[in-house]
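Here is the naming used below: chain letters follow the sequence lines, and residue numbers restart at 1 for every chain.
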Protein chains: 2
Amino acid sequence: MDSALIKEIVDKYLNLTFSIERNGGQLIKCQMGNDMTNDQHYILRYINQKEGCTSSELADVFNVNKSAITAIIDRLEKKGFIQRTRDEQDRRVVYLTLTDVGRELFYETELRIHQLVSSFIEQFEPDEIERFIQTYEKLNQIILAAKDEMLGE
Amino acid sequence: MDSALIKEIVDKYLNLTFSIERNGGQLIKCQMGNDMTNDQHYILRYINQKEGCTSSELADVFNVNKSAITAIIDRLEKKGFIQRTRDEQDRRVVYLTLTDVGRELFYETELRIHQLVSSFIEQFEPDEIERFIQTYEKLNQIILAAKDEMLGE
DNA sequence: CAGTAACAGTTAATCTGTTGAACTATTTTA
DNA sequence: TAAAATAGTTCAACAGATTAACTGTTACTG
């Protein structure tokens, strides 16, 4: 591919990504209850999907230090949305699970987010959206591979 | 479209967006010089693209309060990458421009980012990437429209 | 088996980004 | 000309992140 064309595509990609991240994030935020941040909701989502996990796993998935996770979990535990349970086999490990209150709040918010994103998706032809998701998935794989390569497995 | 299918697509979209945002952001961060954050670089990029702008414009584009912009600009000015210039016509207005040092640092970093993203783009067929960007652009328009509608315009 | 490595998680200090309210200074407008 | 609107700043408070030092627990090794 022509290098000037690539430059143009990269520029477009960067600007679009920026705009979608910022404005999409803002719209998601509007779906949040009053004392919940986007990041906190994503943490709840991950724990819910996995039906429990550890801080180290979250730190890995969220690409941050474990101490950052400790801070977020502290806040969510204080609000009563998350429970810490020490593993009796390996007492270093702490399992994180949603409380009933946490799970309920999560589902409510997640429903609103789904309705929002559905309203976007429905504006596309099924064909177009399928192709988009396919490429998006491939992009994700490429980024993950680049990360593994740069930061060493 | 079938509603179960839509739900699946929305789920995929949310998970992919999360992963790409987090991991892509991490890779971008690796391209940064030592005392520069991603957000700070995006501010420099916007000012560079527009060849100068105001705090209010940045607040609008970045979707944050003006006081958040003041804080970021303070840091960038302290580091000598940005200049504030009062408008002589309307003395309420402050124009923001890059200093020579700021512009140079910006170009260096931006080049590394372009090389990184190019290495992603080059792994796709031109066709595929073009279709992707088209849909991505449409998605951005939809999000901007939703924002205008929700937050009143 | 004792002693050291490695691991999971926490704490504390410090920084960046963000909000919201109150404020200053300067136009605009009615 | 007085009131309203606008551009930007200040301040207090909080969320998220990093780094380094630390606790407690488990695994490894000579």
With heavy atoms under 4.0 Å as the rule, sort [X] into base, sugar-phosphate or nothing.
X       : result
B:Ala71 : base
B:Asn65 : base
B:Thr54 : sugar-phosphate
B:Ser56 : sugar-phosphate

Write down the distance between [atom1] ([X]) and [atom2] ([N]), rounded to a whole number of angstrom.
X       : N      : atom1 : atom2 : value
B:Asp74 : D:dG8  : CG    : C1'   : 11 Å
A:Phe81 : D:dA15 : CZ    : C1'   : 15 Å
B:Lys66 : D:dC11 : NZ    : P     : 17 Å
A:Lys78 : D:dC14 : NZ    : C1'   : 11 Å
A:Leu58 : D:dG16 : CG    : C1'   : 14 Å
A:Gln40 : D:dC14 : CD    : P     : 13 Å
A:Ile69 : D:dT19 : CD1   : P     : 15 Å
A:Lys29 : D:dA15 : NZ    : C1'   : 11 Å

Which comes earlier along DNA chain C counting from the 5' end, the contact point of A:Arg22 or that of A:Cys53, where each point is its nearest nucleotide?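 Looking at the nearest nucleotide for each, A:Cys53 comes out on the 5' side.
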
In terms of ring plane angle, is the pair A:Phe18 and B:Phe62 parallel, tilted or perpendicular, where the classes change at 30° and 60°?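 Perpendicular.
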
Checking [Y] against [X]: is there a side-chain donor and acceptor pair closer than 3.5 Å?
X        : Y        : result
B:Tyr46  : B:Glu57  : yes
A:His41  : A:Glu110 : yes
B:Lys147 : A:Asn23  : yes

Could you please name the partner base of C:dT4, counting Watson-Crick and G-U wobble pairs only when both distances are under 3.5 Å?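 Pairing partner, where one exists within any strand: D:dA27.
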
Can you give the donor-acceptor pairs under 3.5 Å from side chains of residues 124-134 of chain A to other protein atoms, not counting sequence neighbours?
residue	atom	partner	partner atom	Å
A:Glu128	OE1	B:Lys138	NZ	3.2
A:Glu128	OE2	B:Thr135	OG1	3.1

Reading nucleotides 22-28 of chain D 5' to 3', which nucleotides get B (base under 4.0 Å from a protein heavy atom), which S (sugar-phosphate only), which -? --BBS--

Under 3.5 Å, side chain of B:Arg86 to main-chain N/O of B:Arg91, donor-acceptor pair present?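 Confirmed, B:Arg86 side chain pairs with B:Arg91 backbone.
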
Pair [X] + [Y], salt bridge at N-O below 4.0 Å:
X       : Y       : answer
B:Arg45 : B:Asp39 : no
A:Arg75 : A:Asp35 : no
B:Lys78 : B:Asp74 : no

D:dG16, OP1 or OP2 - any side-chain N/O from A:Thr37 closer than 4.0 Å?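 For D:dG16, OP1 or OP2 has a side-chain N or O of A:Thr37 closer than 4.0 Å.
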
With syn defined as a glycosidic torsion within 90 degrees of 0 and anti otherwise, which applies to C:dA5?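 Syn for C:dA5; the angle stays within 90° of 0.
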
Taking for each residue the nucleotide of DNA chain D with the nearest heavy atom, is it A:Ala68 or B:Ile73 whose nucleotide lies nearer the 5' end?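 The 5'-side residue here is B:Ile73.
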
Span of DNA chain C, from the first to the last nucleotide whose atoms fall under 4.0 Å of chain B heavy atoms: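 Answer, 5' to 3': C:dT16 to C:dT27.
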
Should A:Ile113 and A:Leu27 count as side-chain neighbours, where that means a heavy-atom distance under 4.5 Å?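 No, every pair of side-chain atoms sits at 4.5 Å or beyond.
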
